[in-house]
Amino acid sequence: MKALLAALVAVVVSSITPAFSAQGEPVLVAQAKTELIDINRAKAEELMTLKGIGEARAAAIIKGRPYARKDDLVRKKIMPQSIYDDIKDKIIAKQ
């Protein structure tokens, strides 16, 4: 139980960034988490916010739907592995 509690505290603490108030006092601010972009539902504009995705590749992603897994983007030859490697942590393929 102590190990579980320690792990939980470590996760919470690691997601907090130190900052300072207007008076110079230290305060803790939670970091904003980036939501994953669902490649099965995202609009072209949303897809184009990803590195290496322009109009043509966004259109290809939309045309190639549905995706069972996010790595289907490479398997279906929608994009090269190098671009996939840059965005794989920012996307998801929800069913």
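Values in this document were obtained by computation on a predicted structure and should not be read as measured data. Residue indices begin at 1 and follow the sequence shown.
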Item to check | hydrophobic_cluster_shared for Leu73 and Ile37, side chain cutoff 4.5 Å | outcome: yes
Please tabulate, for the side chains in residues 56-68, all donor-acceptor contacts under 3.5 angstrom to protein atoms that are two or more places apart in sequence or on a different chain.
from, atom 1, to, atom 2, distance (Å)
Arg57, NH1, Gly52, O, 3.2
Arg65, NE, Ile39, O, 2.8
Arg65, NE, Asn40, O, 3.4
Arg65, NH2, Ile39, O, 3.4
Arg65, NH2, Ala42, O, 2.3
Tyr67, OH, Ile61, O, 2.6

Checklist outcome for this item: The side-chain hydrogen bond (donor to acceptor under 3.5 Å, both in side chains) partners of Glu55 (sequence neighbours excluded) come to none
Next on the checklist: My understanding is that only residues two or more places apart in sequence, or in another chain, count here; which of them pass side-chain hydrogen bond (donor to acceptor under 3.5 Å, both in side chains) with Asp71?
Outcome noted: Arg69
Next on the checklist: Show, in sequence, the C-alpha distance, side-chain angles and deciding distance for Met79 and Ile53, and conclude whether the side chain to side chain contact (heavy atoms under 4.5 Å, CB included) test is met.
Outcome noted: CA-CA 9 Å; Met79 69 180 56; Ile53 307 298; 3.5 Å; yes
Item to check | Separation between NZ of Lys70 and CG of Asp72, rounded to the nearest 0.5 Å | outcome: 12.0 Å
Item to check | Separation of Ile78 CD1 from Ile83 CD1 (nearest 0.5 Å) | outcome: 12.0 Å
Next on the checklist: With side chain to side chain donor-acceptor pair (under 3.5 Å) as the rule and sequence neighbours excluded, what pairs involving residues 84-95 come up?
Outcome noted: Gln81-Asp85
